[in-house]
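Presented below is the structure to which this report refers.
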Amino acid sequence: MTIEEQVQLLARGASLIVPENGLKAKLEKSAKTGKPLIVKLGLDPTAPDIHLGFAVVLRKMRQFQDLGHRVTIIIGDYTTLIGDPSGRSATRPMLTSEQIAENAATYVDQLSVILDKEKTDVRFNSEWLGKLSFADLVKLTSKITVAQVLTRDDFKKRWDAGQPISLHELLYPLAQGYDSVAIHADVEMGGLDQTFNILTGRELQSDPEIAQDPQIGFFMPLLVGLDGVKKMSKSLGNYIGIAEPALSQYSKVMSLADAQMGTYFLLCTDVPTAEFAEILKAQNPMEAKHRLAWEIVTIYHGAEAASAASDEWKRIHSARQFPSDAPELTVPENPINIVALVRHGNFAPSNGEARRLIEQGGVKLNGEKLSDPAATITITDGDELQVGKKNFARLKV
RNA sequence: GGGUCGAUGUCCGAGUGGUUAAAGGAGGCGGUCUGUAAAAUCGUCGCGCGAGCUACGCAGGUUCGAAUCCUGCUCGGCCCA
């Protein structure tokens, strides 16, 4: 593959590369020297569930690996003490070191689903940040001005809105930038919310005293979540986890708004741009969405599982039938009050909620609505219980 | 250190002594509709079967009655030093 083609492949889906021609220069340098590029990604070990939004970045790094380059994952065990303010309107809570260790282990595990383990290094930034003396730190802080930090969008917003900014948060970009220095990063990956942090890395690397070839910033768009508005994130609950069961992933993709399909094709699948553009134009939205769901599930579960998930989804939603693999729920007593049954299956957080579901016709037994919360019913083995749209259980006495 | 303003339900936000489990919005959930979704539309959203209980930063107090008044505290914004 020529350098030009590589650039094209890598740039697919990227929202921004800084500097613009930097990627080409880096690739040329690597080809000439025979040294693989070091592609850096910093992770806050806070939320160890990898979802499709995060996978966007990981999959891009996998492309780098497939072209012969190396990935360095930096677990921000030290920076977590600070708490990255990016995209947060409020100061993050600090984690204990046990939590950090636990989360980091989970991360490494999940990362290997997408990344090539052979070409991935994992480092903890306490390794170098923990060694800095106060004098070192002060020296580092002298390389950047308060005004620079305060131009950063999220700080600026908080400042303008009169929200608190702790002094320690201002140090975060420096710490992250120093990570790049420590590992001689060539490329740093991130979402656009990482712009400032990544550019700070460039700034430090090009400082005369450090004199490294500054990394390029490689920005991937933030994937919009299931709600179609906010970025996909675990805390917002609008995510599709890469470890989720095939059917669950499939269903979630199907529940996307039609308008989001193009973005998902681009960022979450390998379907060539021209091809999915054609699909979106030619097929009706549901067909296109089935294709999208199939492509995505295939990446994480294989084609066979994806097809099975597809069939199952159609059974449930198009034919409105009971899912074949509904979890079994053993009834604690028989006959049983409906509210107790719904609660027993954990389908409602409180009795009042359960009653409401029942009264509003959200609970079905063998396809028939049960609308009297006071009723007591007799269960037969194999009875099919549905609560709301998504919860199913096959009852066992 | 001083002054001043603020803290309300998942979030935003109204409410300055009584019909306030707390307007309105966002959001969630359920029903209907539908080719998936969206949209639309109807309903619902503290806990409790209920009597009732618990809730407006925290702790006390005034009052027949407090989210609303008073005192102290905690946290935060702004201004002054």
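Just so you know, these numbers use all the heavy atoms, side chains as well, and skip hydrogens, waters and symmetry mates. Quick caveat: nothing in here was measured; it's all calculated off a predicted structure.
- Donor-acceptor pairing under 3.5 Å is lacking for the side chains of A/Asn197 and A/Thr200.
- Among A/Gln65, A/Arg70, A/Arg62, the single residue meeting the side chain to side chain donor-acceptor pair (under 3.5 Å) criterion with A/Thr120 is A/Gln65.
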When the side chains of residues 10-24 of chain A are checked against the rest of the protein, which donor-acceptor pairs come out under 3.5 Å, sequence neighbours left out?
residue, atom, partner, partner atom, Å
A/Arg12, NH1, A/Leu266, O, 3.3
A/Arg12, NH1, A/Thr269, O, 3.1
A/Arg12, NH2, A/Val271, O, 2.4
A/Ser15, OG, A/Phe219, O, 3.2

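- With a 6.0 Å cutoff to the six-membered ring centre and a 45° limit on the axis angle, A/Lys252 counts as a cation-pi contact of A/Tyr239.
- Side-chain contact check for A/Asp258 versus A/Lys289: some heavy-atom pair is nearer than 4.5 Å.
- A/Ala31 is linked by a side chain to side chain contact (heavy atoms under 4.5 Å, CB included) to A/Ile3, counting only residues two or more places apart in sequence or in another chain.
- A side chain to side chain donor-acceptor pair (under 3.5 Å) check over residues 332-347 of chain A, counting only residues at least two apart or in different chains, returns the pairs A/Arg343-A/Asn351.
- Within residues 301-314 of chain A, the residues approached by RNA chain B to less than 4.0 Å at the level of any non-hydrogen atom are A/Trp313, in residue-number order.
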Which nucleotides of RNA chain B pair, in dot-bracket form (Watson-Crick or G-U under 3.5 Å, | meaning another strand): ((((((((.[[[..)..(.....]]]((((((.......))))))((....))...[[[[[..)....]]]]]))))))).

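- Residue A/Asn351 is classed as a sugar-phosphate contact, given heavy-atom separations below 4.0 Å to backbone atoms only.
- Here the separation of B/G17 from B/U32, taken at their P atoms, is 47 Å to the nearest Å.
- Once you apply a 4.0 Å limit to the heavy atoms of chain A, the touched nucleotides of RNA chain B run 5' to 3' over B/G28 to B/G77.
- Along RNA chain B, the nucleotide nearest to A/Gly361 and the one nearest to A/Arg343 differ in position, and the one closer to the 5' end is contacted by A/Gly361.
- A/Phe276 pairs by the ring pair (Phe, Tyr, Trp, His ring centres under 6.0 Å) definition with A/Phe265, not counting sequence neighbours.
- To the nearest whole angstrom, the two C1' atoms, one in B/C47 and one in B/A55, are 10 Å apart.
- Salt bridge status for A/Glu295 with A/Arg291: present, with a side-chain N to carboxylate O gap under 4.0 Å.
- Taking atom C1' in both B/G3 and B/U8, the straight-line distance is 26 Å, to the nearest Å.
- Qualifying salt bridge (Lys or Arg N to Asp or Glu O under 4.0 Å) partners for A/Asp311, counting only residues two or more places apart in sequence or in other chains: none.
- B/A51 and B/A39 have their C1' atoms separated by 44 Å, with the value rounded to a whole Å.
- Distance noted for atom P between B/G27 and B/C33: 24 Å (whole Å).
- Here, B/G25 and B/G18 have their C1' atoms 27 Å apart, quoted to the whole Å.
- The C1' atoms of B/C58 and B/A81 are separated by 30 Å, rounded to the nearest whole Å.
- Remark: A/Lys289 in residues 289-297 of chain A come within less than 4.0 Å of RNA chain B through at least one heavy atom.
- For A/Lys26, the salt bridge (Lys or Arg N to Asp or Glu O under 4.0 Å) partners two or more places apart in sequence, or in a different chain, are A/Asp186, A/Asp213.
- In terms of hydrophobic clustering, with Ile, Leu, Val, Met, Phe, Trp and Tyr side chains grouped at heavy-atom distances under 4.5 Å, A/Leu395 and A/Ile316 are assigned to different clusters.
- Residues of residues 239-253 of chain A that place a heavy atom closer than 4.0 Å to RNA chain B do not occur.
- Salt bridge present: A/Glu353 and A/Arg356 bring a charged side-chain N and a carboxylate O closer than 4.0 Å.
- Defined by atom type and a distance below 3.5 Å, a donor-acceptor pair is missing between the side-chain atoms of A/Glu188 and A/Gln194.
- Residues meeting the ring pair (Phe, Tyr, Trp, His ring centres under 6.0 Å) test with A/His317, sequence neighbours left out: A/Trp313.
- Comparing B/U20 with B/G13, their P atoms sit 24 Å apart, to the nearest whole Å.
- The closest side-chain donor-acceptor pair between A/Lys60 and A/Gln63 falls under 3.5 angstrom.
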